[in-house]
Amino acid sequence: MKDTNKGSHLAQNQRAAKKKQKRSDLKPKEQETAPEETEAVSPYRESYEWIQCLVLALIACVLLFVFVARVIDVVGYSMVPTLDDGDKIIITRWAGDYEQGDIVVLRKETLREEPIVKRVIAVEGQTVDIDFTLGIVYVDGVALDEPYVNELTYTQEDFEGPITVPEGCVFVMGDNRNNSTDSRDARVGCVDTRYIMGKVIFRIMPLSKMGAIYGTDG
């Protein structure tokens with residue numbers, strides 16, 4: 001008598017093997033068509049990613065120059081030889097407390113509406129005196145070493161020293177000492193730091209002078 005159960009098991013195994021083979025035959029075809037679908041989508045995806053990166057970079061630049069830094073044009077010659085008329089500089093309002101030697105951009109409407117660029121000579125609590133015969137500036141009785149100036153300080157303007165800088169203020173002067181309207185002039189005087197727009201950190205124009213402002217003489 002034939003073993004029908006054995007025969008039926010063999011038949012089931014054969015059918016299962018055929019189904020498995022069909023599934024395995026289909027996989028290479030799916031793998032062959034998959035790259036074509038990817039190639040059709042990837043250029044659009046790549047373009048989208050580039051656009052997204054550019055938009056994010058633009059937003060970052062806008063936020064940077066609105067809240068952290070901004071570009072200012074130098075007008076006039078009061079900061080020669082450090083800065084010249086027409087130079088483009090970057091300033092930041094997040095430079096911390098202003099210190100002696102910092103170059104700052106400030107507004108003083110008693111002088112003019114446009115921003116002016118000057119160097120901090122003394123901060124609150126310090127005393128400024130100037131010997132206009134010798135052209136020497138003293139802070140707290142010590143003569144300043146000022147290799148950055150165009151000439152020694154011979155122009156007195158309205159200055160009647162010595163002057164102690166009030167709280168929350170700075171005493172500023174231009175590097176072109178005898179062609180600068182600054183804290184020696186009553187229209188400027190000691191400047192409240194709230195009028196300071198920011199500290200100069202970098203020059204971007206002209207290209208031949210691009211770079212940091214402060215060096216061995218700043």
Side-chain angles (χ1 to χ4, degrees), residues 64-128 130 135-140 142-153 155 157 159 163 165-166 168-185 187-218:
L64 174 67
F65 283 101
V66 169
F67 297 104
V68 180
R70 61 185 298 184
V71 177
I72 296 289
D73 291 332
V74 176
V75 178
Y77 301 92
S78 70
M79 284 299 293
V80 171
T82 307
L83 296 170
D84 209 339
D85 181 59
D87 285 2
K88 289 185 181 295
I89 53 179
I90 295 178
I91 67 171
T92 178
R93 64 185 68 181
W94 302 104
D97 294 333
Y98 299 108
E99 300 177 351
Q100 188 180 76
D102 287 347
I103 300 174
V104 297
V105 175
L106 59 97
R107 290 188 181 276
K108 195 69 174 180
E109 293 185 358
T110 52
L111 177 64
R112 68 182 190 190
E113 293 183 1
E114 295 81 6
I116 58 177
V117 186
K118 304 294 175 185
R119 187 185 293 270
V120 175
I121 300 302
V123 298
E124 63 177 55
Q126 292 186 310
T127 300
V128 180
I130 304 173
I136 298 175
V137 179
Y138 295 88
V139 175
D140 292 337
V142 178
L144 295 184
D145 179 21
E146 300 186 287
Y148 44 75
V149 298
N150 195 40
E151 297 176 316
L152 296 178
T153 310
T155 305
E157 299 185 18
F159 185 87
I163 293 177
V165 182
C169 296
V170 292
F171 188 96
V172 298
M173 298 174 73
D175 289 354
N176 194 7
R177 287 294 161 78
N178 301 306
N179 291 279
S180 171
T181 302
D182 47 44
S183 290
R184 290 169 291 169
D185 191 302
R187 293 173 295 173
V188 179
C190 292
V191 179
D192 191 315
T193 55
R194 290 175 294 182
Y195 294 130
I196 296 178
M197 299 168 60
K199 174 183 173 179
V200 179
I201 56 173
F202 199 81
R203 172 170 35 206
I204 58 175
M205 292 291 288
L207 294 176
S208 59
K209 295 181 179 180
M210 178 185 288
I213 299 296
Y214 306 98
T216 56
D217 58 349

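Since we're looking at a predicted model, the values are computed, not measured.
Nearest heavy atom pair, residue D185 against residue R187, reads OD1-N, 2.8 Å. Closest heavy-atom contact between V170 and V172: CG2-CG1, 3.8 Å. Scanning all heavy atoms of the two residues, the minimum distance from V117 to I89 falls at CG2-CD1, 4.3 Å.
Residues V123 and V165 have side chains not in contact (no heavy-atom distance under 4.5 Å, counting atoms from C-beta outward). At least one side-chain heavy atom of V139 sits under 4.5 Å from a side-chain heavy atom of I121. Contact of the N150 side chain with the M79 side chain is not registered, since no non-hydrogen atoms from C-beta on lie closer than 4.5 Å. Put simply, the side chain of R119 reaches to within 4.5 Å of the side chain of D175, judged on heavy atoms. Using a 4.5 Å heavy-atom cutoff, the side chains of M173 and V120 are not in contact. Annotation: side chain of V75 is not in contact with side chain of E114 (no heavy-atom distance under 4.5 Å). Within the 4.5 Å cutoff, the side chain of Y98 has heavy atoms near those of the V104 side chain. Side chains of K118 and V188 form no contact here, defined as non-hydrogen atoms less than 4.5 Å apart.
Remark: the backbone N or O of T127 is paired with a side-chain donor or acceptor of D140 at under 3.5 angstrom. Panel note: side chain E124, backbone G168; a donor-acceptor pair is recorded below 3.5 Å.
To the nearest 0.5 Å, atoms CG (D87) and CZ (R203) are separated by 5.0 Å. Atom CG of D84 and atom CE of M205 lie 13.0 Å apart (nearest 0.5 Å). Separation of atoms OG (S180) and CD (E151) is listed at 12.0 Å; rounding is to 0.5 Å. For the atom pair CD1 (I136) and CD1 (I130), the distance works out to 11.5 Å, reported to the nearest 0.5 Å. Atom SG in C190 sits 6.0 Å away from atom CZ in F171 (nearest 0.5 Å). With values rounded to the nearest 0.5 angstrom, S78 atom OG is found 8.0 Å from D182 atom CG.
With sequence neighbours excluded, the residues satisfying side-chain contact (heavy atoms from CB on, under 4.5 Å) with V149 are E146, R177.
Under a 4.0 Å N-O distance rule, the pair K199/D102 qualifies as a salt bridge.
Only one option out of L106, T92, I91 pairs with M197 in a side chain to side chain contact (heavy atoms under 4.5 Å, CB included); it is I91.
A side-chain donor from one of N178 and T155 sits under 3.5 Å from a side-chain acceptor of the other.
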